[in-house]
Amino acid sequence: CYFVLYKNKEIHYFEGEALNIKGHKGFIQLEGVRHSDIVRTKPGTSDYSFTINTPKRKWQLKAPSKPDFDGWNETLKDFLGKG
């Protein structure tokens, strides 16, 4: 599974290796989400699961490593603002 962040505040997720409709599984709407709405599930452990609290639902995601989580976290902080 992989994710693509779009300027319209949507994260689309896909299965497979190509960015196409067949592999498109859905999207996360980030409208109204602040960086503070993104929370590590088990901070201080080697589990890099995190929750994105959107106005409509809570999304549970898991980064495979600390560098991957840090990349997600920094990108979303820059994109959403620090609030």
Side-chain angles (χ1 to χ4, degrees):
C1 191
Y2 66 95
F3 298 84
V4 178
L5 176 61
Y6 291 97
K7 291 181 182 182
N8 66 352
K9 295 197 171 189
E10 292 179 353
I11 300 173
H12 288 245
Y13 50 99
F14 300 83
E15 281 187 356
E17 296 184 18
L19 195 68
N20 60 45
I21 296 297
K22 184 177 179 184
H24 188 258
K25 297 300 177 188
F27 68 94
I28 301 169
Q29 178 56 251
L30 296 176
E31 191 66 44
V33 176
R34 300 173 310 235
H35 183 255
S36 59
D37 295 320
I38 300 169
V39 180
R40 274 272 309 269
T41 306
K42 298 177 183 177
T45 71
S46 61
D47 182 341
Y48 296 101
S49 300
F50 59 101
T51 301
I52 300 176
N53 295 305
T54 70
K56 293 189 177 187
R57 75 178 264 195
K58 292 182 180 182
W59 293 86
Q60 298 286 339
L61 303 174
K62 184 174 183 177
S65 67
K66 183 178 185 336
D68 288 318
F69 172 77
D70 290 344
W72 268 88
N73 194 38
E74 286 302 312
T75 298
L76 290 170
K77 184 183 348 178
D78 291 345
F79 188 76
L80 300 170
K82 297 177 185 178

Checklist entry - Should Arg40 and Tyr48 be marked as a side chain to side chain contact (heavy atoms under 4.5 Å, CB included) after you check the CA-CA gap, both sets of side-chain angles, and the distance that decides it? => result CA-CA 7 Å; Arg40 274 272 309 269; Tyr48 296 101; 3.6 Å; yes
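- From Thr41, atom OG1 reaches atom CD of Gln60 across 5.0 Å, with rounding to the nearest 0.5 Å.
- The ring pair (Phe, Tyr, Trp, His ring centres under 6.0 Å) check on Phe50 picks up Phe69, Trp72, with sequence neighbours excluded.
- With sequence neighbours excluded, no residue forms a ring pair (Phe, Tyr, Trp, His ring centres under 6.0 Å) with Phe79.
- Contact detail for Asp37 and Gly32: the closest heavy-atom pair is OD2-O, 4.0 Å.
- For the salt bridge (Lys or Arg N to Asp or Glu O under 4.0 Å) test, residues two or more places apart in sequence or in another chain that qualify with Glu74 are Lys77.
- Closest approach of Leu76 to Leu5, counting heavy atoms only: CD2-CD2, 4.4 Å.
- Donor-acceptor pairing under 3.5 Å is recorded for the side chains of Asp68 and Ser65.
- His12 has its ring centre no less than 6.0 Å from the ring centre of Phe3.
- Shown here are the side chain to side chain donor-acceptor pair (under 3.5 Å) partners of Thr45, two or more places apart in sequence or in another chain: there are none.
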Item to check | Check against side chain to side chain contact (heavy atoms under 4.5 Å, CB included), Phe27 and Ile11 | outcome: CA-CA 5 Å; Phe27 68 94; Ile11 300 173; over 6 Å; no
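- The distance from the CD atom of Glu31 to the NZ atom of Lys9 is 5.0 Å, given to the nearest 0.5 Å.
- Remark: Lys66 pairs with Asp70 by the side chain to side chain donor-acceptor pair (under 3.5 Å) rule, at least two apart or across chains.
- The CZ atom of Arg57 sits 10.5 Å away from atom CD1 of Ile52, with the distance rounded to the nearest 0.5 Å.
- Nearest heavy atom pair, residue Asn73 against residue His35, reads OD1-NE2, 2.7 Å.
- With sequence neighbours left out, the salt bridge (Lys or Arg N to Asp or Glu O under 4.0 Å) criterion links Lys42 to Asp47.
- Residues Leu80 and Val33 share a closest heavy-atom pair of CD2-O, 3.6 Å.
- Atom NZ of Lys25 sits about 9.5 Å away from atom OH of Tyr13, to the nearest 0.5 Å.
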